[in-house]
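Residues: numbered from 1 along the sequence shown. In this text, all values refer to a predicted model and were calculated from it rather than measured experimentally.
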Amino acid sequence: MGHSTHPGPTRHVEPAELAGSAGLGAWAAFAVLALVVGRGSPPGVDGGLLDWSVGHRSPASVSAARALTDTGTGAVPYVLVALAWMVLGRTLRQRTAAAALGCACLAAGQLLRYGVMEVIARPRPPRQDWAAYASGWSFPSGHTTTSALAAGLVIWATVLRAPRGRTALCAVAGCWGVAVGLTRVYLGVHWFTDVAGGWLFAVGWLGVCVGAAAWWLPGRGAVRGTDGPPSL
């Protein structure tokens, strides 16, 4: 009667392709957001969240937010990335190279973010609403971008190495990256769209790093999620 049809083989989507697609989407959203914030007046969501933050502060909550926000800059993100990426190597040389590669991805992302920030030159919220020290322009948030990049790199290394309990480790790293960004709004030194821009920038840059690793690292083991560490 009829001809039997056989479905073709299911195409396996590589993690590098997924990362690339997510990165492209993040860059597109970031570009749109940059155009919105570059018009001058902050969107309504920015003013509303800033007012809420100012009205829901206490000495204890401000101290906790300051302590958490301080982990999103300086040496802490680099130490976290270096420690996470060191486990990808078997020898001392491989571990050193892996740690250096992870930190290089973070540093390059920070440098690019700084250039974007200088171009957009968005003012920060009113100084009277600040509950912490801040300097420089506002978009995208530096603490947010740095912590999100570090969290993403830690998650990347954790998935590659696939230790027991990796889901919990990835969840902790992700929650830390998100929480640091939220403290910037709570402390009044950034608009929420600055933080959203930092998250989008981090996803976009991580997509670039994963794509580069897929093409340049020997064997491309750095993006396939194999049981063993990538060749470095």
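The nearest pair of heavy atoms linking V36 to P43 is CG1-CG, 4.1 Å. Scanning both residues, T193 and L33, for their nearest heavy atoms gives O-CD2, 3.5 Å. Contact between S138 and P123 at its shortest, heavy atoms only, is CB-O, 3.5 Å. Scanning all heavy atoms of the two residues, the minimum distance from L187 to A65 falls at CD2-CB, 3.8 Å. Residues C103 and A82 come closest through the heavy atom pair SG-CB, 4.0 Å. What you find for A148 and L206 is that their closest heavy atoms are O-CD1, 4.3 Å.
Side-chain contact between F201 and L112 is present, with heavy atoms from C-beta onward closer than 4.5 Å. Residues V159 and C170 meet the side-chain proximity criterion, which asks for heavy atoms closer than 4.5 Å. Contact of the R95 side chain with the T91 side chain is not registered, since no non-hydrogen atoms from C-beta on lie closer than 4.5 Å. Looking at heavy atoms from C-beta onward, P77 lies out of side-chain contact with L149 at the 4.5 angstrom threshold. Taking the side chain as every heavy atom from C-beta outward, P140 and V116 approach each other to under 4.5 Å. No side-chain heavy atom of P125 sits under 4.5 Å from any side-chain heavy atom of D46. Taking the side chain as every heavy atom from C-beta outward, T146 and T73 never approach each other to under 4.5 Å. No side-chain heavy atom of I120 sits less than 4.5 Å from a side-chain heavy atom of W137.
Using a distance-only test at 3.5 Å, with no hydrogens or angles considered, a donor-acceptor pair links the side chain of R124 to the main chain of S135. Listed for the T183 side chain is a donor-acceptor partner under 3.5 Å among the backbone atoms of V180. The backbone N or O of A151 lies less than 3.5 Å from no partner atom in the side chain of W156, so there is not a single donor-acceptor pair.
T158 pairs in a side-chain contact (heavy atoms from CB on, under 4.5 Å) with only one of the listed residues (V154, I155, L160), which is V154. Evaluated for a salt bridge (Lys or Arg N to Asp or Glu O under 4.0 Å) with D194, the options R113, R184, R122 yield exactly one hit, R122.
Between F30 and F139, the ring center distance clears the sub-6.0 Å criterion. Between W27 and W205, the ring center distance fails the sub-6.0 Å criterion.
A donor-acceptor contact under 3.5 angstrom links the side chains of S61 and Y186, judged on distance only. Using modelled atom types and a 3.5 Å distance limit, the side chains of T71 and W176 yield a donor-acceptor pair.
In this structure, the separation between CG on L182 and CG on L68 is 9.0 Å, given to the nearest 0.5 Å. R57 CZ to W52 CH2: the interatomic distance, rounded to the nearest 0.5 Å, is 10.5 Å.
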Exercise. Test W130 against H190 for side chain to side chain contact (heavy atoms under 4.5 Å, CB included), laying out the working first.
Key: CA-CA 9 Å; W130 293 10; H190 276 290; over 6 Å; no
Self-check item: Derivation of the side chain to side chain contact (heavy atoms under 4.5 Å, CB included) call for W199 and T144
Solution: CA-CA 7 Å; W199 289 333; T144 301; 3.4 Å; yes
Practice problem: Just do the side chain to side chain donor-acceptor pair (under 3.5 Å) check on H143 and T69 with the steps written out, would you? | Solution: CA-CA 7 Å; H143 284 66; T69 207; 4.7 Å; no
Quiz item: Where do L153 and L106 land on the side chain to side chain contact (heavy atoms under 4.5 Å, CB included) test, with the steps shown first?
Solution: CA-CA 8 Å; L153 290 167; L106 177 57; 3.9 Å; yes
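There is a path of hydrophobic side-chain contacts, each under 4.5 Å, that joins V195 to L49. At a threshold of 4.5 Å between side-chain heavy atoms, the hydrophobic network of Ile, Leu, Val, Met, Phe, Trp and Tyr places L101 and V210 in one connected group.
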